[in-house]
Amino acid sequence: MAVRYLLLILPLLWLSGCSSSPDANDPTAGMSVEELYEAAREALDNTNYEEAINLYERLESRFPYGPYAERAQLEIIYAYYKYNEPETAILSADRFIKLHPNHAHVDYAYYMRGLASFRLEPSFINRWFNQDMTERDPRPSRKAFRYFSELVEKFPDSRYAKDAIGRMYALRNALAKHEMHVTNYYYRRGALIAAVNRAKYIVENYQQTKQVPEALGIMVRAYRQLEMNDLAADALEVLELNYPDHHETKQAKTRS
């Protein structure tokens, strides 16, 4: 009798365990992959990014292979980006690129990776004191520039290439301005050799930016203070030839 009673109890316990499983309170339980994708897409279109992320993650967990899983992996990048999680968006884009290097829309992953780096928010302290973006850590900007550059090199005909190039120009100007902040800092502190080296870096690496004439002006003044008059004259000659309206050029003409 005891054995028969136990056999009757076991199915009841199993059913009780099923009713308390996580899927019992999951409104997406039993959804097909198509239905789950449509729900995620609807949440994304309605700017409910947290819900979209949850649904895309569930879709990939339940249906890890096939075109819907690939769409989920691609679209979740944008969801993370809009949900203000740029670092997770970058990781998701990296993952998609590694998993699907030949995907028809892999260029979008490259583009979103650059956008997410471009968007990395300043710290609370920087926002509080309204710090100039070019005075902050330039690493996110350099990373964004590299990501956009990879997109343009690998997919020059991509629909995202034109926008990426425009952002690269903006990033390049910001990076040149950052270098100019550092150069001026060294010059004001009297670290003349360091100032000259940073100024030379700007001239060599950020041509056609507004910081080049300022960098040449620093070189002229720093070389003079270091009594390296030949180098000062060379820097001034380059400045006069390329930027005749620069104040250092005008002062040189006045002295002559």
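In terms of heavy atoms, Arg58 sits closest to Leu36 at C-CD2, 4.0 Å. Across Gly114 and Ala144, no two heavy atoms sit closer than the pair O-CB, 3.8 Å. Taking both residues in full, the closest heavy atoms of Asp107 and Ser158 are given as OD2-OG, 2.7 Å, listed atom of the first, atom of the second, then distance. Summarising the geometry of Ala199 relative to Ala215, their closest heavy-atom pair is CB-O, 3.5 Å, with the distance given to 0.1 Å.
Thr88 meets the side chain to side chain contact (heavy atoms under 4.5 Å, CB included) test with Tyr80, Glu85, Ser92; sequence neighbours excluded. Annotation: side chain to side chain contact (heavy atoms under 4.5 Å, CB included) contacts of Glu51 (sequence neighbours excluded): Ala43, Asn48, Asn54, Leu55. Shown here are the ring-ring contact (aromatic ring centres under 6.0 Å, His included) partners of Tyr110, two or more places apart in sequence or in another chain: Phe155. A search for salt bridge (charged side-chain N to carboxylate O under 4.0 Å, His left out) contacts involving Glu150 returns Arg113, not counting sequence neighbours. Residues meeting the ring-ring contact (aromatic ring centres under 6.0 Å, His included) test with Tyr160, sequence neighbours left out: Tyr108, Tyr111. Under the salt bridge (charged side-chain N to carboxylate O under 4.0 Å, His left out) criterion, Arg71 pairs with no residue at all, not counting sequence neighbours. Every residue meeting the salt bridge (charged side-chain N to carboxylate O under 4.0 Å, His left out) condition with Arg167, not counting sequence neighbours, appears here in chain and number order: Asp163. Among residues two or more places apart in sequence or in another chain, the side chain to side chain contact (heavy atoms under 4.5 Å, CB included) test is passed with Ser32 by Glu34, Glu35. Residues forming a ring-ring contact (aromatic ring centres under 6.0 Å, His included) with Tyr68 (at least two apart in sequence, or on another chain): Tyr37. Applying the salt bridge (charged side-chain N to carboxylate O under 4.0 Å, His left out) test to Asp157 and every residue at least two apart in sequence or in another chain returns nothing.
Between the side chains of His105 and Glu70, no donor-acceptor pair of N or O atoms lies under 3.5 Å.
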**OP:** Could you give me the CA-CA distance, side-chain angles and deciding distance for Arg142 and Arg146, then say whether side-chain contact (heavy atoms from CB on, under 4.5 Å) is met?
**Re:** CA-CA 6 Å; Arg142 288 184 181 134; Arg146 186 175 75 249; 5.7 Å; no
**OP:** List the steps, then state whether side-chain contact (heavy atoms from CB on, under 4.5 Å) holds for Phe148 with Leu115.
**Re:** CA-CA 8 Å; Phe148 285 133; Leu115 267 190; 4.3 Å; yes
Original post:
Given the rule in the side-chain contact (heavy atoms from CB on, under 4.5 Å) test, do Met168 and Val152 qualify, once you have shown the distances and angles that lead to the verdict?
Top reply: CA-CA 10 Å; Met168 286 170 68; Val152 173; 4.1 Å; yes
Subject >> Working for salt bridge (Lys or Arg N to Asp or Glu O under 4.0 Å), residues Glu214 and Arg221 >> reply: CA-CA 11 Å; Glu214 296 303 315; Arg221 296 193 297 275; 5.7 Å; no
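At a threshold of 4.5 Å between side-chain heavy atoms, the hydrophobic network of Ile, Leu, Val, Met, Phe, Trp and Tyr places Val182 and Phe145 in two separate groups. Under the 4.5 Å side-chain contact rule for hydrophobic residues, Leu226 and Leu216 share a cluster. By the criterion of side-chain heavy atoms lying less than 4.5 angstrom apart, applied directly or through intervening Ile, Leu, Val, Met, Phe, Trp or Tyr residues, Ile77 is not grouped with Leu99; the two fall into different hydrophobic clusters.
Between Met228 and Asp234 there is no side-chain heavy-atom pair separated by less than 4.5 Å. At a threshold of 4.5 Å between non-hydrogen side-chain atoms, the residues Ile90 and Ser117 count as touching.
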Donor-acceptor pairs under 3.5 angstrom involving side-chain atoms of residues 183-196: please list them, not counting sequence neighbours.
{"unit_1": "Thr183", "atom_1": "OG1", "unit_2": "Glu179", "atom_2": "O", "d": "2.8"}
{"unit_1": "Asn184", "atom_1": "ND2", "unit_2": "Met180", "atom_2": "O", "d": "3.2"}
{"unit_1": "Tyr187", "atom_1": "OH", "unit_2": "Gln225", "atom_2": "NE2", "d": "2.4"}

Which donor-acceptor pairs under 3.5 Å do the side chains of residues 204-212 make with protein atoms, sequence neighbours left out?
{"unit_1": "Asn205", "atom_1": "ND2", "unit_2": "Tyr201", "atom_2": "O", "d": "2.9"}
{"unit_1": "Thr209", "atom_1": "OG1", "unit_2": "Tyr206", "atom_2": "O", "d": "2.7"}

